[in-house]
Amino acid sequence: MTEEHPNISILKKFNPANPISAAEVLAEDFVWHYINPKLPEMEGDYFGLAGLTDFFQKLAGRTTGSFKVAPISATPIGDDIVIAHVKDKMLLDGKPMEIDAIVVWCIMEGEIKEAWDIPIVHTAKMIKTAH
């Protein structure tokens, strides 16, 4: 049995539905970078816990509170980087959709210092709902 990388354990404390859950592992100078040309009003840098909370509140408003993240994989790269693949599901403009995203995390000395959230816009697809 292999031991879990310590940065994976730190990431497990982050819950996008409740960003405050990450307060104990978030660096004071944390930066969340959001890159998505399809949602230019959301793009940019968000600083600290307040910025992270603001980002997810804006996202909740844009998706009428439907935004959910399903983790697919998380791969540690060296001592400080984790690359996570996730599938985001939400209602966007009233339509159910899902999209793959990559989040690159920089974790140093037990704190999340920085993250780059990159939705892969070409994977976006509308999903059918059962009636």
Side-chain angles (χ1 to χ4, degrees):
M1 185 169 139
T2 58
E3 257 184 65
E4 182 173 78
H5 192 283
N7 289 343
I8 300 295
S9 299
I10 289 168
L11 279 183
K12 286 182 174 180
K13 296 178 181 182
F14 175 72
N15 175 1
N18 180 16
I20 293 172
S21 66
E24 70 182 68
V25 294
L26 218 57
E28 192 173 311
D29 60 347
F30 169 79
V31 183
W32 180 267
H33 307 280
Y34 184 68
I35 305 157
N36 185 345
K38 298 289 186 180
L39 291 176
E41 71 278 11
M42 296 286 302
E43 273 195 323
D45 295 336
Y46 298 81
F47 299 92
L49 180 58
L52 183 65
T53 301
D54 182 51
F55 171 79
F56 281 102
Q57 285 175 344
K58 283 182 183 178
L59 191 57
R62 185 76 169 79
T63 64
T64 59
S66 64
F67 180 78
K68 302 271 187 276
V69 176
I72 306 293
S73 67
T75 305
I77 307 292
D79 293 333
D80 303 325
I81 304 295
V82 174
I83 298 175
H85 172 207
V86 300
K87 188 163 297 279
D88 297 335
K89 295 182 181 185
M90 69 203 86
L91 289 174
L92 192 61
D93 299 325
K95 299 174 185 150
M97 67 164 301
E98 64 182 24
I99 185 169
D100 289 298
I102 299 299
V103 183
V104 179
W105 300 90
C106 176
I107 302 169
M108 302 176 83
E109 299 174 0
E111 292 185 320
I112 302 172
K113 299 284 284 175
E114 203 165 5
W116 294 261
D117 182 355
I118 310 163
I120 311 304
V121 296
H122 296 290
T123 67
K125 60 184 172 192
M126 296 303 175
I127 52 177
K128 296 180 182 188
T129 56
H131 293 286

CG-CD distance between L92 and E98, expressed to the nearest 0.5 angstrom | 13.0 Å
Taking all heavy atoms of D117 and all of A101, pick out the closest pair and write down the distance.
-> OD1-CB, 4.2 Å
Check the pair K12, E4 against side chain to side chain contact (heavy atoms under 4.5 Å, CB included), reporting the backbone distance first and the verdict last.
-> CA-CA 11 Å; K12 286 182 174 180; E4 182 173 78; 2.6 Å; yes
Reported CD1-to-CD distance for the pair I10 and E109, which is rounded to 0.5 angstrom | 10.5 Å
Is the shortest heavy-atom distance from the side chain of W32 to the side chain of D45 under 4.5 Å?
-> no
Where does the angle between the aromatic ring planes of Y34 and F55 fall among parallel (under 30°), tilted (30 to 60°) and perpendicular (over 60°)?
-> tilted
Side-chain heavy atoms under 4.5 angstrom apart, residues restricted to Ile, Leu, Val, Met, Phe, Trp, Tyr: same cluster for F56 and V25?
-> yes
Between F30 and F47, is the ring centre distance below 6.0 Å?
-> no
Flag the pair R62 and E41 as a salt bridge only when some basic side-chain nitrogen lies within less than 4.0 angstrom of an acidic carboxylate oxygen.
-> yes
When clusters are formed by joining ILVMFWY residues with side-chain heavy atoms under 4.5 Å apart, either directly or through shared neighbours, do I35 and I120 land in the same one?
-> yes
Here the pair of heavy atoms bringing V69 nearest to P71 is O-CD, 3.6 Å
Report yes if the side chains of Y46 and D54 come closer than 4.5 Å at any heavy-atom pair, otherwise no.
-> yes
Atom pair CD (E3) and OG (S9), whose distance is rounded to the nearest 0.5 Å | 9.0 Å
Tightest non-hydrogen contact, residues P119 and I99, listed as CB-CD1, 3.9 Å
Min side-chain heavy-atom separation I118-V103 under 4.5 Å = no
Identify whether the distance between the nearest side-chain nitrogen and carboxylate oxygen of K68 and D88 falls below 4.0 Å.
-> no
Whether D93 side chain and K95 backbone form a donor-acceptor pair below 3.5 Å | no
Student check: side-chain heavy atoms of I77 and T75 closer than 4.5 Å = yes
Hphob cluster co-occupancy, L39 + V86, side-chain heavy atoms under 4.5 angstrom = yes
Using a 4.5 Å cut-off on heavy atoms from C-beta on, say whether the side chain of I81 contacts that of V104.
-> yes
Could you pull out the closest heavy-atom pair between D79 and N7, with the gap in Å?
-> O-ND2, 2.9 Å
Do L11 and W105 touch side chain to side chain, with heavy atoms closer than 4.5 Å?
-> yes
What heavy-atom pair brings L91 and P96 nearest, and what distance separates the two atoms?
-> CD2-N, 3.5 Å
List the steps, then state whether side chain to side chain contact (heavy atoms under 4.5 Å, CB included) holds for L52 with F14.
-> CA-CA 11 Å; L52 183 65; F14 175 72; 3.6 Å; yes
L59 vs M42 side-chain heavy atoms within contact, under 4.5 Å | yes
Heavy atoms only: give me the nearest H5-G78 pair and the separation to one decimal.
-> NE2-O, 3.5 Å
Above 12 or not: heavy atoms from other molecules or residues under 6.0 Å from NZ of K38?
-> no
Side chains of H85 and D100: donor-acceptor distance under 3.5 Å anywhere?
-> yes
Counterpart residues, salt bridge (Lys or Arg N to Asp or Glu O under 4.0 Å), relative to E43 (two or more places apart) | none
Test item: M97 and K89 side chains (from C-beta on) under 4.5 Å apart, heavy atoms | no
